[in-house]
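I have placed the structure first, in the form of structure tokens, so that the comments after it can refer back to it.
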Amino acid sequence: MEYIHEIRSKGITILPPSIQKSKFSHIVENGSIRVGLGAIKGVTPSFYNVVKSARTKVGWKSLFDFSAAIGGTNFTEKAIIPLIKAGALDEFRENRSVLLASIEAAGIMQCLSVPKGKMTYSMTSFIP
């Protein structure tokens, strides 16, 4: 907290974490400090690398786009909930409670959008 007060007293803005812009560590962005995703409890370097490699210049427009980009094995409640609570997904312009309620639906949609032959199980195997 002491560092945060000192930074703010010098007129430097602290930007929140961003799933689209943050690195793993804090970075300087246009004279401000952008909080790194690694500062969020539960975000591991390996998860960050998955996010980093899935990033595009266009960016993600929604939680559903994000889930499709990182894949079902990485899109888990354990990984996503801390990001939402820390504000890293605020740029999707949805209320955090809506994002939290949408995690399961985004995960299901991601499974349904997997190209044929890439699924580890078939949804039709549940049909009698």
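- Contact detail for Leu99 and Leu63: the closest heavy-atom pair is O-CD2, 3.6 Å.
- Screening residues 62-91 for salt bridge (charged side-chain N to carboxylate O under 4.0 Å, His left out) gives Asp90-Arg96 as the qualifying pairs, with residues at least two apart or on separate chains.
- Looking at Val28 and Ser32, their side chains never come closer than 4.5 Å, going by heavy atoms from C-beta outward.
- A heavy-atom distance below 4.5 Å is not found between the side chains of Val35 and Ile40.
- A pairwise comparison of heavy atoms in Pro16 and Ser22 identifies O-OG, 4.4 Å as the closest pair.
- To the nearest 0.5 angstrom, Ile19 atom CD1 is 5.5 Å from Leu89 atom CG.
- Leu37 and Ala88 get closest at one heavy-atom pair: CD2-CB, 4.1 Å.
- In terms of heavy atoms, Phe24 sits closest to Val43 at CE1-O, 3.7 Å.
- Partners of Glu29 under the side chain to side chain donor-acceptor pair (under 3.5 Å) rule, at least two apart in sequence or in another chain, are Arg34.
- Counting only heavy atoms from C-beta outward, the side chains of Gln20 and Phe92 approach each other to under 4.5 Å.
- Hydrophobic clustering places Ile81 together with Phe47 (ILVMFWY residues linked when any side-chain heavy atoms are closer than 4.5 Å, directly or through intermediates).
- Atom CG of Asn30 sits in a sparse spot, with 12 or fewer heavy atoms from other residues, nucleotides or ligands closer than 6.0 Å.
- In the hydrophobic cluster analysis, where Ile, Leu, Val, Met, Phe, Trp and Tyr join through side-chain heavy atoms closer than 4.5 angstrom, Leu15 is grouped apart from Ile33.
- For residues 50-61, no pair satisfies salt bridge (charged side-chain N to carboxylate O under 4.0 Å, His left out), with sequence neighbours left out.
- Taken to the nearest 0.5 Å, the CD1 atom of Ile12 stands 12.5 Å off from the CD1 atom of Ile4.
- The two atoms that bring Thr76 and Gly72 nearest to each other are CG2-O, 4.5 Å, heavy atoms only.
- Between Ala86 and Pro17, the shortest heavy-atom distance links the atoms O-CG, 3.6 Å.
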As a quick check of understanding, evaluate side chain to side chain contact (heavy atoms under 4.5 Å, CB included) for Asn74 and Val51, giving each step before the final call. CA-CA 9 Å; Asn74 299 302; Val51 170; over 6 Å; no

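- Rounded to the nearest 0.5 Å, atoms OG (Ser62) and CD (Glu94) are 8.5 Å apart.
- Cluster membership for Ile27 and Ile7, using ILVMFWY side-chain heavy atoms within less than 4.5 angstrom, is not shared.
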